[in-house]
There are 2 protein chains.
Amino acid sequence: MYFSLLKMSVSIDNFLKAVYVLGIEEGKKVTGSALAARLGISSAGITDMSRKLSRKGIVDYSPYKEIVLTETGKLEALQVIRKHRLWELFLYKVLNMDMADIHKEAERLEHETSIELMHRLDEFLGFPQYDPHGEPIPSIEGLLPDESDLIPLVEVNEGMRVKIIRISIREKEVYEMFQHYGIKPGIKIEVIRLFDFDGSMEIRIKGEKLILPGSLVTLILCKEGKNVHYGDQ
Amino acid sequence: MYFSLLKMSVSIDNFLKAVYVLGIEEGKKVTGSALAARLGISSAGITDMSRKLSRKGIVDYSPYKEIVLTETGKLEALQVIRKHRLWELFLYKVLNMDMADIHKEAERLEHETSIELMHRLDEFLGFPQYDPHGEPIPSIEGLLPDESDLIPLVEVNEGMRVKIIRISIREKEVYEMFQHYGIKPGIKIEVIRLFDFDGSMEIRIKGEKLILPGSLVTLILCKEGKNVHYGDQ
DNA sequence: ATACAAATTTAAGCAAGCTTAATTATTTTT
DNA sequence: AAAAATAATTAAGCTTGCTTAAATTTGTAT
Ligand SMILES: [Mn+2]
Ligand SMILES: [Mn+2]
Ligand SMILES: [Mn+2]
Ligand SMILES: [Mn+2]
């Protein structure tokens, strides 16, 4: 079981999380400017923070080189992500908050959550493995559920029926779009046809046919089979 | 309905709360050193903050004079207290946290709670009026429940049966003491005898007699009658 | 290979929220 | 009323997490 030894701050935790999500979850190169954009601070601020965290042994960094989390840094990032996603699930399922609002709230609560509170929340929620967006909740040890059976919607063959597991969105407008179509994790759809030329896709959802633009299709991860829900997906 | 216009910080909110609780709830004089002690910062820090908040119109202050909340400052303080006490109730009743731990947790969560989250929490808890310590939860408008029927345990006559409403404690050791005796808000006791010479008191609680030291007796507020619980006390 | 563009670092500086030490004001005691 | 004690303020300085602007390094295109 991991317990943070160093004293972290809101800024540090958000920084570590950004490095983790950008590099590991999104598989992108962790450049200074990408971090700057994501965190909404200047590149100079990124350099500052990188040097500071490097001294603390939380990231590996030398000038002009890529920023990489150390094992300690990675565990800390996973712990913050765990708190974030537990809160999101709580806000959505227990307090019935709007899907579009929970991220912003969790972004703040994640920094004020003791280990004890995290445990109680986990227990109250029934030791969930996924948040309402379908993102995996890291365990206390920093482990993630196996996801080898998840497939991008783009790769699903015509005629197949799949369950939507995860929709990766940041923008509020896009939420409303998905919400309008009734598309969310847990919902089953049938792929009718994929239009290769622009990646858009015709699907059947709750009996109705509709065409999803390619920009939305790429945001969706699916799974064959049917008996999964968030919380115990 | 009150909405904060100025941007507050953790330090400012804690400061305002300290002024409110010290002055209004505890009825003490709001001196710089009392605030310094309560907030764990230096007197110089108090002077700094007082001048800053005075400029913002949140407190009335001039050098060497007492610090007083303006109407704005008082409403802001009450809003923070509201969030604090809603969280305490949630942590205690919903997440089953230890009574001795909830204050510290709420002390941090209170600063990261949006109006929307506060509302949802309030609704989920059933629009409670009291926190687990028996402290009143201010309404969104900054109003407090009527407490004219509350009497200090010291003033209860021998032979009377009363319900414990509120126990004002900060120290963890004292919690454990009360817990050991089974004394908490909602519990009914009978006053057998008051020992005037040291303020200690013999009571009957759940059939058993015990002598409460004067130092504990003064921390307890009671009510005659019986059908009150926390949450809807 | 050179030149240009893009990314990153350095330098200087700012605000918040503190600190300690010295000074001044107020209150209490004699 | 003067002296002593207590409380509050001022002054100077520190850390964190930022900023902007200038300098430098790296990557890209010709
Ligand atoms: Mn999120
Ligand atoms: Mn955050
Ligand atoms: Mn409390
Ligand atoms: Mn607080």
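Labels below follow one simple rule: chain letters A, B, ... track the order of the sequence lines, proteins then strands, and each chain is numbered from 1. All values below were derived from every heavy atom in this structure, side-chain atoms included, with hydrogens, water molecules and symmetry-related copies excluded. What you are looking at is a predicted structure, and each value in this text was computed from that prediction instead of being measured.
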Main-chain N/O of A:G45 paired to A:S42 side chain as donor or acceptor, under 3.5 Å: yes
With under 30° as parallel and over 60° as perpendicular, where do the rings of A:H133 and A:Y175 fit, or are they tilted in between? tilted
Check whether B:S43 reaches the backbone of B:G32 with its side chain - one donor and one acceptor, N or O, closer than 3.5 Å. no
Taking only N and O in the side chain of B:S33, is any of them less than 4.0 Å away from OP1 or OP2 of D:dA8? yes
Kindly write out the residues that satisfy side-chain contact (heavy atoms from CB on, under 4.5 Å) with B:A34, not counting sequence neighbours, or none if the list is empty. B:L22, B:T31
With sugar-phosphate meaning primed atoms plus P, OP1 and OP2, does B:F15 contact a base, only sugar-phosphate, or nothing at under 4.0 Å between heavy atoms? nothing
side-chain contact (heavy atoms from CB on, under 4.5 Å) with A:E171: which residues, sequence neighbours excluded? A:I169, A:V174
Does anything in residues 22-45 of chain A pair up under salt bridge (charged side-chain N to carboxylate O under 4.0 Å, His left out), and if so which pairs, sequence neighbours excluded? A:E25-A:R85, A:E26-A:K28, A:E26-A:R38, A:E26-A:R170
A:I58 versus A:M8: any side-chain heavy-atom pair under 4.5 Å? yes
Between A:L53 (CG) and D:dC18 (C1'), how many Å, whole number? 14 Å
Protein N or O to nucleotides 12-21 of chain C N or O, pairs below 3.5 Å:
{"from": "C:dG17", "atom 1": "OP1", "to": "B:S9", "atom 2": "OG", "distance (Å)": "2.6"}
{"from": "C:dG17", "atom 1": "OP2", "to": "B:K52", "atom 2": "NZ", "distance (Å)": "2.1"}
{"from": "C:dC18", "atom 1": "OP1", "to": "B:S11", "atom 2": "OG", "distance (Å)": "2.8"}
{"from": "C:dC18", "atom 1": "N4", "to": "B:D48", "atom 2": "OD2", "distance (Å)": "3.2"}
{"from": "C:dT19", "atom 1": "OP2", "to": "B:S42", "atom 2": "N", "distance (Å)": "2.7"}
{"from": "C:dT19", "atom 1": "OP2", "to": "B:S42", "atom 2": "OG", "distance (Å)": "2.7"}

B:S200: side chain to side chain donor-acceptor pair (under 3.5 Å) partners, not counting sequence neighbours: B:D198
Pairs under 3.5 Å (N/O, protein and nucleotides 23-29 of chain C):
{"from": "C:dA25", "atom 1": "O4'", "to": "B:Y64", "atom 2": "OH", "distance (Å)": "3.1"}

What is the distance, to the nearest angstrom, from the CD atom on A:E66 to the C1' atom on D:dT25? 17 Å
